[in-house]
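Heavy atoms only: backbone and side chains are in, while hydrogens, waters and symmetry mates are out.
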Amino acid sequence: MSARPAGRQTWVLCVAGSVLFFFWTGAAVAQEFRLGTWEGAVETLFDFDRQDTTTTGSPQSRFQSTLALEQLTLRNVGAYIFDPRIFTFSLGGTFGLTQEWFKTDTESGFRDGNLWGYDASASLLPDQAYSLNLFANRNQYFLPQELAGRTQLTTENWGGTLFAKRLYIPSSLSFVQEFRDDISRTGDVTTRREERRNTIRYEGLRGWVDSEMDLRYEFVDLSDLTLPSLSYRSHEGAFNYSRDFGTELNWYWDSRLRGYWRTGVADLTSFTADEVLSIDHSDRFRTSYGYHYLLTDTQGGNAATHTGDFSLRHQLYESLVTTLRLNATLQRPPDGRRDTYRSRLDLNYTKRLPGQGLLTAGLGGGLQYEDDRSSSSESFVPQETLTFATPIALPIALQNPFVVASSVVVTKVAVGPLPAGCIQPPGPPTPLVLGQDYNLQNVGDFTQIVPITCAGVTPGINPGDTIAVDYRFAVSPSISFLRTIWHADLSLDYRWIRPYYSHEQIDERLLSGQDGQFLNDQRSDAAGIEFRYIGNRLYGSVLGEVRRFRSTRLSFDSARSSQFLTFVILPALTFSLNAEESFYDYQDPDRQVRSLAGRATLTYALNASLFAEALGEIRWLKDTLNPTERNTEITFRLRWLIRRIEVNPTLQFFDRRRGDTDTKEYRVVLQVIRRF
């Protein structure tokens, strides 16, 4: 009798133990893997675009397109396995459909397709001394462009970064592979570009109490699958070190080394070394000493430059600042040498006047001795950089006269804001083509780079771009001369009004040699006045300036003005206006250049739920040596958040005229996103 209860108790205990073990193991499994936060969105897009192109003497051309897109995105963020301090990850996917109806002068049709993508990232031991980040993603989307253009862009990237935080020099090592596939349609023209870029990058940074050091290395292997001739490989390494020392830590040493090597498109090897020592002798007295070395080797040749600098700055009370500069530059181009020695002294005086006025005056001058020796009648300049201003890219002259036009090689090395209707070019560096991306133009003895704006996949030169130019130019086999420089400027600022005047003069005197044509005397005078108003709701300024420039090689008169206005009509409603006008009148040869750029914007912002913007912009350039250009844009944008629904309508009108060709475009875009 007593055995039976004991057996039942044992069985019950076993069952209870199994249930407890089941729940315990279930809890353990639940803790081993936990999902993060779910998020997602449903997006619909409607894009209607029509382009009309008219050229004098030719029939009108029209292109019309209607695009519809539906897309679903799901994503889980912050999931982890075992413990978020060990391994965390996020995973998402995108799925969509597209339909497009198009019509040209010769055909009409329908295209459809699928969009899909993914986005995954993971972190292993994110808070530990050694950690690893991994990522992989794929995206497909449409980018509307100006001039009835549209780009279907596919990107696929993957890679990882290893962090080592406890090394003597905390470091990171990363590898990234990027794939890009562009299918662009501008009007009825379709182009395609594919490129693959592999990048290995190392970065190390270490700081001490009174010094800091950083190391960097990057390897890039770019393969252009459409135009293999644009492929290249590059290596770049840099070492920077700075240190504060001295009894009061008032000595500062900066050391910077950089090496760059590129093969493939636009071969280039360069090495730079910069050493600078600065000493604060007192609060008002400072000296600086520097050495700079530059070595470049391009397709046109190689050149080395050594530069030594000394500068002294002294401030007397709060009014007078004296600056002395001494400089020696030794250049070694392929066929000779150029030695230059400079000295300059500048005085800047500031005086406060009654009525909150401020008087500023500057006076200074310098001497420069230059001795040039060459074994040929030509010299070489590698990688001379030029940056084009915004909002209109005007022609820029190369620094040296008598340029050999056939030797000019232009490469885009930095990209400004990409204009509508243009496709991001490969690189940089991006080689540019004469007659397609730029033209050469002689003004006196100087050669100008005349930019041609991008169009579709043609990169062109746009406002904000920076180019590097290799070229050869005529020189005297043997010449030495003395250059005298002096300047004076005066400004009176009463906050609401600021008149100013400046004068600069350069005289060159031949010391030896017989080629006086290489000398260039210059004189420049400028006068202007600025009016300003600063109020609680209104801020504005108007500036006008006239300038007269005379030199042996180039002479012109110019006038320019600029206006800026911001008016807060209501707390949520603001009107702004920016405008700039300029006029250049050149002599020998006779040439006039007029430019106008204006932009008016009306903005309404109600908290974060409603934003509306209406803008009108015009850019106009008339050059007697080039076709007249005029660009007009009118745009209305709205962003409206209704709880988790986002509505984004856009209305746009473009009118671009260059010479005898005029292109008008009308675009309506409606995007609706529902997030959850």
Problem - Passing option when Arg62 is tested against Asp52, Thr104, Asp105 for side-chain hydrogen bond (donor to acceptor under 3.5 Å, both in side chains) - result: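 For Arg62, the side-chain hydrogen bond (donor to acceptor under 3.5 Å, both in side chains) test succeeds with only one of Asp52, Thr104, Asp105, which is Asp52.
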
Does a donor on one side chain and an acceptor on the other come within less than 3.5 Å for [X] and [Y]?
| X | Y | answer |
| --- | --- | --- |
| Glu633 | Thr635 | yes |
| Ser171 | Tyr202 | yes |
| Thr453 | Asn462 | no |
| Ser231 | Ser223 | no |

Exercise for the section: Hey, could you give me each pair passing salt bridge (charged side-chain N to carboxylate O under 4.0 Å, His left out) that has a residue in residues 211-222? Not counting sequence neighbours. Expected result: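 Listed by first then second residue: Arg201-Glu218, Arg216-Glu236, Asp221-Arg233.
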
Practice task
Verify whether the ring centers belonging to Phe564 and Tyr539 lie closer than 6.0 Å.
Solution key: yes

Handout entry: Pairs satisfying side chain to side chain donor-acceptor pair (under 3.5 Å), at least one member in residues 636-647, at least two apart
Key = Glu613-Arg637, Arg639-Glu646, Glu646-Asn648, Glu646-Arg675

Residues which pass side-chain hydrogen bond (donor to acceptor under 3.5 Å, both in side chains) with [X], listed by chain and number, not counting sequence neighbours:
| X | value |
| --- | --- |
| Ser609 | none |
| Arg599 | Glu617 |
| Trp116 | none |

For [X], enumerate each residue passing the side-chain contact (heavy atoms from CB on, under 4.5 Å) test, keeping only those at least two apart in sequence or located in another chain.
| X | answer |
| --- | --- |
| Asp267 | Thr263, Gln299 |
| Trp101 | Thr66, Ala68, Gln99, Phe110 |
| Leu257 | Phe239, Phe271, Ala273, Glu275 |

Exercise for the section: Spell out, as yes or no, whether a donor-acceptor pair under 3.5 Å connects the side chain of Ser211 to the backbone of Trp208. Expected result: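 Not a single qualifying donor-acceptor pair exists.
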
So, using salt bridge (charged side-chain N to carboxylate O under 4.0 Å, His left out) as the criterion, who are the partners of [X] when residues are at least two apart?
| X | answer |
| --- | --- |
| Asp437 | none |
| Glu43 | none |
| Asp254 | none |

Exercise for the section: Test Asp210 against Arg243 for side chain to side chain contact (heavy atoms under 4.5 Å, CB included), laying out the working first. Expected result: CA-CA 6 Å; Asp210 54 4; Arg243 179 179 176 84; 3.9 Å; yes

Exercise for the section: Output yes when Arg657 and Asp655 qualify as a salt bridge under the 4.0 Å nitrogen-oxygen rule, no when they do not. Expected result: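 Salt bridge: no.
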
Handout entry: Electrostatic pair Arg256-Asp274, nearest N-O below 4.0 angstrom
Key =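 No.
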
Practice task
Check whether any side-chain heavy atom of Phe636 sits under 4.5 Å from a side-chain heavy atom of Thr650, and report yes or no.
Solution key: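 Phe636 does not reach Thr650 side chain to side chain.
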
Exercise for the section: Can you sort out the partners of Tyr241 under ring pair (Phe, Tyr, Trp, His ring centres under 6.0 Å), two or more places apart, ordered by chain and number? Expected result: Trp253

Problem - Arg85 atom CZ, neighbour heavy-atom count above 12 within 6.0 Å - result: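 Count not over threshold, so no.
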
